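Encoded as structure tokens, the structure appears first; notes follow it.
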Amino acid sequence: MVDSPLGSALKVILGRIENAVLRQPPELGSRVPQLIAVSKMQPAEAVIEAHKCGQRHFGENYVQEIVEKGSHHEVLELEDIKWHFIGHLQRNKCNNLTAVPNLYMVQTIDTAKLALALSNSWEKQNKTCRLKVMVQVNTSGEENKSGCPPESCVELVKHIMDKCPSLQFSGIMTIGALARSVQQDQEQSNEDFELLLACRRSICEKLSLAIEDVQLSMGMSADFEHAIEMGSTHVRIGSSIFGARNKPAKDGEN
């Protein structure tokens, strides 16, 4: 790992992730969750440095930003980089997004129309594999949060599996309420995480899927350790790795 402030920060986060895994209940096993380094509002050089430190999965919130970084001449040389889109996606931006080299996953499918548009767009790219996607669930019920209602998640997942041949359903994600993310008393489980777990159980029961085949993307800088203790398979961390941003974070990361 590169000896730099970014490398040191990344090492600390990875250590905290490993320790959180050790605190998981035995029934969750010991699967180490995927760290997604959220590079929103960071220059391409920061992505390149993080890659030198061993990081491979990166998350972006805005289509324009992921397009610009993904096509940066030095980033294009990083053939094993994996981009996750974690922001609100509009259907008219699907073609721009699917053209991004090394796009690995879209975590924010929240409507059937968006899923179909993304599937059609990915098909035009003539890729040899399906695009991995997650369904975003609005577990907090906040109007300013994207995501489908919890009671609609099964129907949306079924739509993706039945009607979107270019997409591979991989799991579900949530952002959750900020107040619950920064709560100090972690003896009490985060309600948003509990609801996402309930959504997964419902999806698996009604669509005959195995629990281990439905991944969970929950947890950001303020609460990722608690999320891991509850079974998160993907954590989205930005400021704790790259430092503070010039503008406040919005959807998808912290």
Side-chain angles (χ1 to χ4, degrees), residues 17 20-21 24 27-38 56-61 82-89 97 103-112 114-116 118-119 122 129-140 145-176 189-190 192-220 223-224 226-237 251-254:
I17 288 174
V21 171
Q24 287 181 335
E27 61 268 21
L28 292 179
S30 57
R31 177 178 178 177
V32 178
Q34 179 61 62
L35 168 61
I36 300 168
V38 180
R56 295 295 179 265
H57 292 257
F58 294 86
E60 289 288 342
N61 284 67
K82 294 177 173 63
W83 291 107
H84 295 245
F85 188 74
I86 58 174
H88 178 63
L89 178 62
L97 180 59
L103 179 66
Y104 180 76
M105 179 183 286
V106 176
Q107 295 197 13
T108 49
I109 302 298
D110 57 3
T111 67
L114 175 59
L116 188 58
L118 188 64
S119 181
W122 188 251
C129 61
R130 291 181 293 166
L131 176 63
K132 300 178 189 297
V133 298
M134 287 189 174
V135 165
Q136 181 178 358
V137 183
N138 185 345
T139 54
S140 66
K145 291 285 198 312
S146 300
C148 72
E151 61 272 17
S152 302
C153 65
V154 173
E155 182 181 358
L156 181 51
V157 171
K158 188 176 189 304
H159 171 81
I160 291 172
M161 296 175 64
D162 293 347
K163 305 294 184 182
C164 302
S166 295
L167 304 183
Q168 178 182 336
F169 171 68
S170 298
I172 52 180
M173 75 89 82
T174 194
I175 298 170
S189 295
N190 185 303
D192 294 313
F193 297 166
E194 288 282 8
L195 184 50
L196 198 69
L197 288 167
C199 288
R200 180 171 68 172
R201 288 193 295 270
S202 182
I203 289 168
C204 291
E205 291 170 2
K206 295 180 180 179
L207 300 180
S208 301
L209 297 175
I211 287 287
E212 58 267 23
D213 292 334
V214 181
Q215 301 170 357
L216 297 175
S217 177
M218 59 186 196
M220 303 183 289
D223 58 10
F224 72 91
H226 183 53
I228 292 170
E229 291 167 10
M230 294 184 67
S232 179
T233 63
H234 292 66
V235 290
R236 311 179 303 271
I237 303 175
D251 249 5
E253 49 67 47
N254 186 11

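Computed from heavy atoms alone, side chains included, the values below leave out hydrogens, waters and symmetry copies. One is the number of the first residue; the rest follow in order along the sequence. In this text, all values refer to a predicted model and were calculated from it rather than measured experimentally.
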message: My understanding is that only residues two or more places apart in sequence, or in another chain, count here; which of them pass ring-ring contact (aromatic ring centres under 6.0 Å, His included) with H159?
response: none
Partners passing side chain to side chain contact (heavy atoms under 4.5 Å, CB included) against S217 (at least two apart in sequence or in another chain): Q107, M134, M173, H234, R236
Over all atoms of both residues, closest heavy-atom pair of V32 and V21: CA-CG2, 4.1 Å
query: How about M230 and E194: do any of their side-chain heavy atoms sit closer than 4.5 Å?
result: yes
message: I'd like to know if the side chain of T108 reaches the main chain of I86, judged simply by a donor and an acceptor atom lying under 3.5 Å from each other, with no hydrogens or angles considered.
response: no
Pairs of donor and acceptor atoms involving the side chains of residues 200-209, under 3.5 Å and at least two apart or interchain, shall be tabulated with distances.
from	atom 1	to	atom 2	distance (Å)
R200	NH1	V214	O	3.1

I175 vs Q136, side-chain contact (heavy atoms from CB on, under 4.5 Å): CA-CA, chis, key distance, verdict: CA-CA 8 Å; I175 298 170; Q136 181 178 358; 3.4 Å; yes
query: Does some side-chain heavy atom of I237 sit less than 4.5 Å from a side-chain heavy atom of V38?
result: no
- request: Look at the side chain of H88 and the backbone N and O of S146, then say whether any donor-acceptor pair between them is shorter than 3.5 Å.
  value: no
- request: Mind telling me whether F58 and W83 have parallel, tilted or perpendicular rings, with 30° and 60° as the class edges?
  value: tilted
- prompt: Is there a donor-acceptor contact under 3.5 Å from the side chain of S232 to the main chain of M218?
  reply: yes
task: Decide if atom CD of E155 counts as having more than 12 heavy atoms of other residues, nucleotides or ligands within a radius under 6.0 Å.
output: no
- request: Spell out, as yes or no, whether a donor-acceptor pair under 3.5 Å connects the side chain of W122 to the backbone of C129.
  value: yes
